**Student:** 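Could you have a look at this structure, given as structure tokens, before my questions?
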Number of protein chains: 2
Amino acid sequence: MKTQKKRSDCPVSFSLEAFGDKWSLLIVRDLMLHKKCTYGELAKSDEKIATNILAARLLSLEENGIIQKLEHPDSKAKVLYQLTQKGIDLIPIIVEINLWAEKYMEIPEKRKELVSQMNADKEGFIRNSINELKAAHIEKTK
Amino acid sequence: MKTQKKRSDCPVSFSLEAFGDKWSLLIVRDLMLHKKCTYGELAKSDEKIATNILAARLLSLEENGIIQKLEHPDSKAKVLYQLTQKGIDLIPIIVEINLWAEKYMEIPEKRKELVSQMNADKEGFIRNSINELKAAHIEKTK
DNA sequence: CACATTTACTTGTAAAATGCAAGTAATTAT
DNA sequence: ATAATTACTTGCATTTTACAAGTAAATGTG
């Protein structure tokens with residue numbers, strides 16, 4: 001994975017260089033909303049990401065400071081993937097994407113509850129998610 | 001451009017199928033923040049999009065109901081590209097991406113003003129942008 | 001009215017990213 | 001000691017993107 005030259009000096013453009021590919025935000029979603037934290041769990045996403053792509057995206061997300069690799073408390077064979085603060089701060093983007101989808105697309109029944117929560121109290125949902133994530137991180141690393 | 005099969009039933013996933021490629025959000029940004037509205041203007045983006053890719057993305061954005069093609073008031077040789085309401089509603093996502101970039105990346109001087117506005121009053125900025133866009137649309141089509 | 005220019009594309013081909021199937025090395029469980 | 005788990009890698013096909021050039025309709029210019 002080579003360092004990608006900036007396409008321009010626009011904030012949107014270089015944000016997209018960090019997470020604007022086909023998979024990165026889905027990985028972030030899984031780390032964030034689905035409480036996944038190992039390679040194996042991430043590989044079992046609904047979208048069936050290829051394992052080589054998963055590895056490549058995890059590396060690039062790490063290089064971009066969005067996630068970090070830690071020792072897994074349960075086993076040396078596992079790796080603990082966690083969002084950094086920079087990654088956690090992607091929550092508002094993920095939330096807005098969900099809300100846009102809610103307005104314009106069919107949301108499957110099982111996802112409606114979560115999206116409703118976002119809609120009812122966006123700021124609260126974000127605050128809550130951040131707190132839950134951080135609590136889970138402390139739990140895992142202690 | 002074939003109809004893409006849904007990768008999953010996750011709202012994030014199928015939102016990304018509509019605008020989660022390397023270029024779509026930059027085109028939306030130009031229509032939205034840079035007041036561009038023709039193929040030629042969009043082709044002159046800082047990021048230097050290839051013309052075949054631009055054409056392909058414009059078609060896909062249209063198929064996804066995010067933009068629409070209209071007759072240009074000035075000339076039959078021109079096409080007027082406009083965001084639909086569905087496209088306009090991507091503003092919050094673009095704003096959040098800008099704010100994330102502001103927090104974690106170097107924003108060039110010439111972009112700082114706009115991003116500061118977003119930061120100072122997010123809701124106000126979004127409301128304003130929507131109003132400006134709609135006023136411009138009426139102006140062009142009357 | 002002839003001719004150059006503008007505008008919105010398309011076409012051909014090279015390069016890069018993604019997808020699929022299989023394999024490997026270091027743990028860990030039995 | 002052996003089998004299973006876990007986190008990857010490797011090789012190759014397919015798809016997407018990039019670059020350079022070309023085209024057709026509409027418009028501007030002498």
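Below, read A as the first sequence line, B as the second, and so on, with proteins coming before strands; counting in each chain starts at 1. In this text, all values refer to a predicted model and were calculated from it rather than measured experimentally.
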**Student:** Report yes if at least one side-chain N or O of A/Y81 is closer than 4.0 Å to OP1 or OP2 of D/dT6; otherwise report no.
**Tutor:**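 So the side-chain polar atoms of A/Y81 never come under 4.0 Å of the phosphate oxygens OP1 or OP2 of D/dT6.
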**Student:** Can you measure A/I27 atom CD1 to D/dA7 atom P for me and round it to whole angstrom units?
**Tutor:**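 Rounded to whole Å, this separation is 14 Å.
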**Student:** Choose from C/dG19, C/dA8, D/dC8 the nucleotide whose nearest atom is closest to any side-chain atom of A/A50.
**Tutor:**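 The listed nucleotide nearest to A/A50's side chain is C/dG19.
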**Student:** Which nucleotide sits closest to the side chain of A/A77: C/dA8, D/dT9, D/dT6?
**Tutor:**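 Nearest listed nucleotide: D/dT6.
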**Student:** Want to settle it: does A/K78 or A/K22 sit nearer the 5' end of DNA chain C, counting the closest nucleotide to each?
**Tutor:**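 Nearer the 5' end of the strand: A/K22.
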**Student:** Side-chain contact test, heavy atoms from C-beta onward, threshold under 4.5 Å: evaluate it for A/P11 versus B/E102 and give yes or no.
**Tutor:**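 A/P11 does not reach B/E102 side chain to side chain.
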**Student:** By nearest nucleotide on DNA chain D, pick out whichever of B/D21 and A/G40 is the more 5' one.
**Tutor:**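 Counting from the 5' end, the first nearest nucleotide belongs to A/G40.
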**Student:** Kindly say if A/W23 contacts the phosphate of C/dA17, meaning a side-chain N or O under 4.0 Å from OP1 or OP2.
**Tutor:**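 Indeed not, no polar side-chain atom of A/W23 lies that close.
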**Student:** Check the distance between D/dC19's C1' and B/I49's CD1 and give it to me in whole angstrom.
**Tutor:**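 Going from B/I49 (CD1) to D/dC19 (C1'), I get 13 Å.
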**Student:** Here's a test of your reading of the structure: between A/K48 and A/D74, which maps to the more 5' nucleotide of DNA chain C?
**Tutor:**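 Comparing both residues, the 5'-ward one is A/K48.
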**Student:** Describe the nucleic acid contact of B/K69 in one word from base, sugar-phosphate, nothing, applying a heavy-atom distance below 4.0 Å.
**Tutor:**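 Result for B/K69 = sugar-phosphate.
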**Student:** Has A/Q85 got more than 12 heavy atoms of other residues, nucleotides or ligands less than 6.0 Å from its CD?
**Tutor:**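 Above 12, so yes.
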**Student:** Are any of the side-chain heavy atoms of B/R29 and B/M32 separated by less than 4.5 Å?
**Tutor:**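 A side-chain contact is absent here, since even the closest heavy-atom pair is not under 4.5 Å.
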**Student:** Taking the side chain as every heavy atom from C-beta outward, state whether A/F14 and A/L16 have any pair of such atoms under 4.5 Å apart.
**Tutor:**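 The answer is no; the side chains never approach within 4.5 Å.
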**Student:** Enter the distance from B/F125:CZ to B/S116:OG here, rounded to the nearest 0.5 Å.
**Tutor:**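 Going from the CZ atom of B/F125 to the OG atom of B/S116 covers 10.5 Å.
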**Student:** Just the rounded figure in Å: distance from P of D/dT6 to CG of A/L54.
**Tutor:**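 Distance, rounded to whole Å: 14 Å.
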**Student:** On the nucleotide D/dT16, are OP1 or OP2 found under 4.0 Å from the side-chain N or O atoms that B/R57 carries?
**Tutor:**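 Checking D/dT16 against B/R57, no side-chain N or O comes under 4.0 Å of OP1 or OP2.
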**Student:** Quick check for you: among D/dG11, C/dT10, D/dA7, whose closest atom lies nearest to any side-chain atom of B/N52?
**Tutor:**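 That would be C/dT10.
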**Student:** Which listed nucleotide (C/dT7, C/dT28, D/dA18) is nearest to the side chain of A/K76?
**Tutor:**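 Selected nucleotide: C/dT28.
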**Student:** Is B/I67 close to B/I27 at the side-chain level, that is, under 4.5 Å between some pair of heavy atoms?
**Tutor:**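 With C-beta onward as the side chain, the pair stays apart.
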**Student:** Using a 4.0 Å heavy-atom cut-off, does B/S75 contact any base of the nucleic acid, only the sugar-phosphate backbone, or nothing at all?
**Tutor:**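 The answer is sugar-phosphate, as B/S75 gets under 4.0 Å only of primed atoms, P, OP1 or OP2.
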**Student:** Rounded to whole Å, how long is the line connecting atom CZ of A/F19 with atom P of C/dA17?
**Tutor:**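 Atom CZ in A/F19 sits about 18 Å away from atom P in C/dA17.
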**Student:** Within this structure, what is the NZ-to-P distance between A/K44 and D/dT5, rounded to whole angstrom?
**Tutor:**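 My rounded result for the distance is 10 Å.
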**Student:** Where the side chain of B/A55 is defined as all heavy atoms beyond and including C-beta, which of C/dC9, C/dA21, C/dT11 is the nearest nucleotide?
**Tutor:**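 The answer is C/dC9, which lies nearest to the side chain.
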**Student:** Roughly how many Å is it from CG in A/L58 to C1' in C/dT18, rounded to a whole number?
**Tutor:**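 Result: 15 Å.
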**Student:** Grab the CD1-P distance between A/I53 and D/dT15 for me, whole Å please.
**Tutor:**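 Answer to the nearest Å: 14 Å.
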**Student:** Is a donor-acceptor pair below 3.5 Å formed from side chain B/T38 to base C/dT7, judging by atom type as modelled?
**Tutor:**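 Looking at the base of C/dT7, it does not pair with any donor or acceptor on the side chain of B/T38 (distance under 3.5 Å).
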**Student:** In whole Å, I'd like the distance from the CD atom of A/E41 to the P atom of D/dT5.
**Tutor:**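 To the nearest whole Å, that distance equals 15 Å.
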